[in-house]
Visitor: 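Would you mind keeping the following structure in view while I ask a few things?
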Amino acid sequence: MTERIEQIYDRAIAEEKLKDGTKYERLTALVFKILDDSGLVVHDVKLSGDGKEAFHQIDVSASYHQVQQRVLVECKDYGSESVGIGIVRDFNGALVQLQPVQGIVVTTTRFTAGACAYARDEGIALVQLRPFTDHDWNGRVRAVKVTATGYALGEPHTRWQATGQVQPAPAEAEDSTGRVSVHEVSYYDASGTRQGPLSSLLAPWHAELSRATPSDGSTDTVTGHHQLEHPVWLRREHELVEVTGFTWTAPVVSIDLDLHVTAGRIAELIAHAVQLPATTTLTESLAAALGAPGAVIFRDQLAHWNVDEDGVITPRPLI
């Protein structure tokens with residue numbers, strides 16, 4: 001077993017002692033389930049053909065209702081050694097007895113020219129499933145950088161419009177027309193009775209402000225007029241002043257935004273077809289995923305699935 005494959009398995013699945021090659025076989029089974037989860041995928045099965053006595057150990061078996069042929073997979077986790085014709089020929093000996101099936105040889109490395117020629121002759125697909133490298137990001141979206149400028153209104157300045165009606169203010173009345181927060185002052189009726197917070201009157205105006213914000217920064221300031229539904233009285237120094245509305249001016253401020261978005265996922269494996277013979281029988285999902293440039297398999301995808309005691313790939317139970 002190559003070290004990278006063992007690390008990927010231990011991180012995504014579990015740290016456990018398994019016989020040589022088993023972790024790669026299980027990862028291959030998980031990948032076939034990820035690429036098309038409609039099928040029944042099983043790791044390490046023994047099969048015999050109709051009317052045959054011999055049993056054959058198969059690393060991965062996948063059955064899909066969309067295709068009549070079962071997919072049988074031979075896995076080879078090699079370091080630098082290429083998969084030769086002998087491996088493909090031996091695997092084909094099992095396929096002949098188990099027909100109708102679609103055979104696939106999967107490896108971390110390469111196939112010799114002889115292996116490729118024999119696979120083409122016998123309709124066997126060849127797939128490379130190996131650890132993902134930084135080089136594999138070429139031609140793929142790894143991150144998105146967004147630079148944008150937005151616009152918002154700054155603090156507005158208001159000028160209240162008075163009717164000219166003035167009367168003495170109650171001693172407890174707050175100043176409403178100076179530079180104070182609208183949440184801290186009240187408005188009154190003609191008798192000087194407090195009616196509520198001034199902010200409650202200004203909700204419609206705040207809605208106007210949001211609609212008045214320019215989207216293109218074409219102006220430095222925005223002005224407007226807000227008419228109250230009915231006159232109210234506000235305190236100015238020692239008097240209550242009747243007002244009907246106000247004009248307002250607000251500066252337009254720009255906000256520059258630089259946003260760098262990364263995938264946020266850890267790419268562990270990449271699977272792609274080295275060659276798919278014209279007679280290959282695969283589901284559309286599998287064929288599309290294995291086609292160029294191949295399918296990236298992320299750690300969270302691997303971690304979503306589990307190999308149960310019968311070798312069946314099932315969703316991992318939620319803890």
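As the structure is a prediction and not an experimental result, all values here were calculated from the model. Residue numbers count from 1 along this sequence.
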Visitor: Is R26 reaching over with its side chain to a backbone N or O of T28, donor-acceptor style, under 3.5 angstrom?
Guide: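 A pair under 3.5 Å: no.
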
Visitor: Between T109 and Q128, what is the shortest heavy-atom contact and its length?
Guide: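 Answer, listing the atom of T109 first, then Q128: O-NE2, 2.8 Å.
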
Visitor: Do S38 and Q66 have side chains that approach each other closer than 4.5 Å (heavy atoms only, starting at C-beta)?
Guide: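 In short, these two side chains touch, coming nearer than 4.5 Å.
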
Visitor: Indicate, with yes or no, if V105 and V274 share a hydrophobic cluster defined by side-chain heavy-atom contacts under 4.5 Å among Ile, Leu, Val, Met, Phe, Trp and Tyr.
Guide: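 Yes: a chain of side-chain contacts under 4.5 Å links V274 to V105.
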
Visitor: With sequence neighbours left out, what residues match D134 under salt bridge (charged side-chain N to carboxylate O under 4.0 Å, His left out)?
Guide: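 Counting only residues at least two positions away or on another chain, D134 forms a salt bridge (charged side-chain N to carboxylate O under 4.0 Å, His left out) with R142.
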
Visitor: Only pairs under 3.5 Å count here: list side-chain donor-acceptor contacts from residues 220-231, not counting sequence neighbours, and write none if there are none.
Guide:
unit_1, atom_1, unit_2, atom_2, d
H225, NE2, Q161, OE1, 2.7
H226, ND1, E208, OE2, 3.0
Q227, NE2, T244, O, 3.2

Visitor: Test side chain to side chain contact (heavy atoms under 4.5 Å, CB included) on Q195 and W233 and set out the steps.
Guide: CA-CA 10 Å; Q195 299 299 297; W233 294 76; over 6 Å; no

Visitor: Go through it in stages, so that I can follow the logic: the residues are W137 and F132, the test is side chain to side chain contact (heavy atoms under 4.5 Å, CB included), and I'd like the CA-CA distance, side-chain angles, deciding distance and then a yes or no.
Guide: CA-CA 9 Å; W137 282 117; F132 191 90; 3.4 Å; yes

Visitor: Under 4.5 Å between side-chain heavy atoms, chaining through other members, with only Ile, Leu, Val, Met, Phe, Trp and Tyr counted: pull out the rest of the cluster around I255, sorted by chain and number.
Guide: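 Cluster partners of I255: none, it stands alone.
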
Visitor: Which is it for T149 and L257 under the side chain to side chain contact (heavy atoms under 4.5 Å, CB included) test, yes or no, and what are the steps along the way?
Guide: CA-CA 6 Å; T149 300; L257 173 67; over 6 Å; no

Visitor: Could you tell me whether the side chain of D77 and the main chain of G21 form a donor-acceptor pair under 3.5 Å?
Guide: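 Not at all, since once roles are kept as given, no pair shorter than 3.5 Å links the two residues.
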
Visitor: Is there a side-chain contact between V73 and I58, using heavy atoms and a 4.5 Å cut-off?
Guide: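 No - every pair of side-chain heavy atoms lies 4.5 Å or more apart.
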
Visitor: Look only at the side chain of R316 and the backbone of W305, and say whether a donor-acceptor pair between them is shorter than 3.5 Å.
Guide: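 Such a contact is found between R316 side chain and W305 backbone.
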
Visitor: Return the set of residues passing side-chain hydrogen bond (donor to acceptor under 3.5 Å, both in side chains) with Y118 (not counting sequence neighbours), or none when no residue passes.
Guide: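 Testing Y118 for side-chain hydrogen bond (donor to acceptor under 3.5 Å, both in side chains), a comparison that skips the adjacent residues, returns N92.
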
Visitor: Measure from the side-chain N and O atoms of E25 to the backbone N and O of C75, and report whether any donor-acceptor pair falls under 3.5 Å.
Guide: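 Checked: no pair found.
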
Visitor: Donor-acceptor pair, Q99 side chain versus L95 backbone, under 3.5 Å?
Guide: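 A pair under 3.5 Å: yes.
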
Visitor: Check R110 against S80 and note the closest heavy-atom contact, atom names and distance.
Guide: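 Residues R110 and S80, closest heavy atoms: NH2-O, 3.4 Å.
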
Visitor: Backbone N or O of S191 within a donor-acceptor pair of the D189 side chain at under 3.5 Å?
Guide: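 Judged by distance alone, yes, a pair lies under 3.5 Å.
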
Visitor: Could you give the distance from CG (L201) to OH (Y187), rounded to the nearest 0.5 Å?
Guide: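 Between L201 CG and Y187 OH, I get 4.5 Å after rounding to 0.5 Å.
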
Visitor: Is atom CD of E53 surrounded by more than 12 heavy atoms (other residues, nucleotides or ligands) closer than 6.0 Å?
Guide: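 No, CD of E53 has 12 or fewer neighbouring heavy atoms, counting only those of other groups under 6.0 Å.
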
Visitor: Roughly how far, to the nearest 0.5 Å, is the CD1 atom of I313 from the CG atom of D308?
Guide: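 Interatomic distance, D308 CG to I313 CD1, rounded to 0.5 Å: 7.5 Å.
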
Visitor: Mind checking the OG1-CD spacing from T279 to Q102? Nearest 0.5 Å is all I need.
Guide: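 Rounded to the nearest 0.5 Å, the OG1-CD separation comes out at 6.5 Å.
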
Visitor: Going by heavy atoms in the side chains, are L269 and L302 under 4.5 Å from each other?
Guide: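 In short, these two side chains touch, coming nearer than 4.5 Å.
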
Visitor: Roughly how far apart are I270 CD1 and I297 CD1, rounded to 0.5 Å?
Guide: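 I270 CD1 to I297 CD1: 9.0 Å, rounded to 0.5 Å.
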
Visitor: Do you know which two heavy atoms are closest between L35 and A289, and how far apart they sit?
Guide: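 What the structure gives for the nearest pair is CD2-CB, 3.8 Å.
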
Visitor: Locate the shortest heavy-atom distance separating G294 from H272; write the atom from each residue and the value.
Guide: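 Smallest interatomic distance, heavy atoms only, reads CA-CB, 3.7 Å.
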
Visitor: Any side-chain heavy atom of P131 within less than 4.5 Å of one from I5?
Guide: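 In short, these two side chains touch, coming nearer than 4.5 Å.
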
Visitor: For D10, what residues pass the salt bridge (charged side-chain N to carboxylate O under 4.0 Å, His left out) criterion, not counting sequence neighbours?
Guide: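 Partners of D10 under the salt bridge (charged side-chain N to carboxylate O under 4.0 Å, His left out) test: K23.
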
Visitor: Please name all residues satisfying side-chain hydrogen bond (donor to acceptor under 3.5 Å, both in side chains) with T280, sequence neighbours left out, ordered by chain then number.
Guide: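 Once residues adjacent in sequence are excluded, T280 has no partner under the side-chain hydrogen bond (donor to acceptor under 3.5 Å, both in side chains) criterion.
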
Visitor: Do L129 and F111 land in one hydrophobic cluster if side-chain heavy atoms of ILVMFWY residues count as linked below 4.5 Å?
Guide: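 Hydrophobic grouping puts L129 apart from F111.
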
Visitor: Report yes if the side chains of L198 and L234 come closer than 4.5 Å at any heavy-atom pair, otherwise no.
Guide: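 Of all side-chain heavy-atom pairs linking L234 with L198, at least one is under 4.5 Å.
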
Visitor: Provide the full list of salt bridge (charged side-chain N to carboxylate O under 4.0 Å, His left out) pairs with a residue in residues 282-307, sequence neighbours left out, each pair given once.
Guide: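 Residue pairs passing salt bridge (charged side-chain N to carboxylate O under 4.0 Å, His left out), neighbours aside: R265-D300, E268-R299.
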
Visitor: Counting C-beta onward and ignoring hydrogens, is there a side-chain heavy-atom pair between D59 and E74 closer than 4.5 Å?
Guide: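 Side-chain contact under 4.5 Å: yes.
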
Visitor: Grab the two heavy atoms, one from Y151 and one from P214, that are nearest each other, plus how far apart they are.
Guide: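 The answer is CB-O, 3.5 Å.
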
Visitor: Determine, step by step, whether E16 and Y9 satisfy the side chain to side chain contact (heavy atoms under 4.5 Å, CB included) criterion, reporting the C-alpha distance in whole Å, the side-chain angles of both residues, the deciding distance to 0.1 Å, and the verdict.
Guide: CA-CA 9 Å; E16 53 187 336; Y9 184 94; 2.6 Å; yes

Visitor: For residues 28-49, which residue pairs qualify under salt bridge (charged side-chain N to carboxylate O under 4.0 Å, His left out), counting only residues two or more places apart or in two chains?
Guide: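 Every pair satisfying salt bridge (charged side-chain N to carboxylate O under 4.0 Å, His left out) with a residue in residues 28-49: there are none.
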
Visitor: Can any side-chain N or O of Y24 pair as donor or acceptor with the backbone N or O of T107 at less than 3.5 Å?
Guide: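 Between the backbone of T107 and the side chain of Y24 there is a qualifying donor-acceptor contact (under 3.5 Å).
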
Visitor: Is it possible for you to say whether L18 and I13 belong to one hydrophobic cluster, with membership spreading through side-chain heavy-atom contacts below 4.5 Å?
Guide: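 Same hydrophobic cluster.
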
Visitor: Count I, L, V, M, F, W, Y as connected when their side-chain heavy atoms are under 4.5 Å apart, and connections chain through other members. Are L72 and F32 then in the same cluster?
Guide: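 They do not share one cluster, since no chain of ILVMFWY contacts under 4.5 Å joins L72 to F32.
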
Visitor: With sequence neighbours left out, what residues match D50 under side-chain hydrogen bond (donor to acceptor under 3.5 Å, both in side chains)?
Guide: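 D50: no side-chain hydrogen bond (donor to acceptor under 3.5 Å, both in side chains) contacts found.
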
Visitor: In Å, rounded to the nearest 0.5 Å, how long is the span from CD of E6 to CD of E3?
Guide: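 Rounded to the nearest 0.5 Å, the CD-CD separation comes to 7.5 Å.
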
Visitor: Residues two or more places apart in sequence or in another chain: which of them pass salt bridge (charged side-chain N to carboxylate O under 4.0 Å, His left out) with R130?
Guide: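 R130 satisfies salt bridge (charged side-chain N to carboxylate O under 4.0 Å, His left out) with D136 only.
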
Visitor: Output yes when a side-chain donor or acceptor of Q167 lies under 3.5 Å from a complementary backbone atom of E242, and no otherwise.
Guide: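 Judged by distance alone, no pair lies under 3.5 Å.
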
Visitor: With the side chain counted from C-beta on, respond yes when V67 and Q69 share a heavy-atom pair under 4.5 Å apart, and no when they do not.
Guide: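 No, too far: nothing below the 4.5 Å cut-off.
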
Visitor: Please find the pair of heavy atoms, one from L98 and one from S48, that lie closest to each other, and give the distance.
Guide: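 Closest approach of L98 to S48: CD2-C, 3.4 Å.
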
Visitor: Under the side-chain hydrogen bond (donor to acceptor under 3.5 Å, both in side chains) rule, collect the residues that match up with D90, sequence neighbours excluded.
Guide: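 D90 satisfies side-chain hydrogen bond (donor to acceptor under 3.5 Å, both in side chains) with no residue once adjacent residues are dropped.
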
Visitor: For the hydrophobic clusters of this structure (ILVMFWY residues joined by side-chain heavy atoms under 4.5 Å, transitively), does one cluster hold both I124 and Y64?
Guide: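 Different clusters.
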
Visitor: Is any side-chain heavy atom of R4 closer than 4.5 Å to one of Q7?
Guide: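 Result yes, sub-4.5 Å side-chain heavy-atom pair found.
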
Visitor: Can you tell me how far the CG atom of L240 sits from the CZ atom of R235, to the nearest 0.5 Å?
Guide: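 It comes to 8.0 Å.
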
Visitor: Restricting to salt bridge (charged side-chain N to carboxylate O under 4.0 Å, His left out), what partner residues turn up for E239, sequence neighbours left out?
Guide: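 Salt bridge (charged side-chain N to carboxylate O under 4.0 Å, His left out) list for E239, sorted by chain: R236.
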
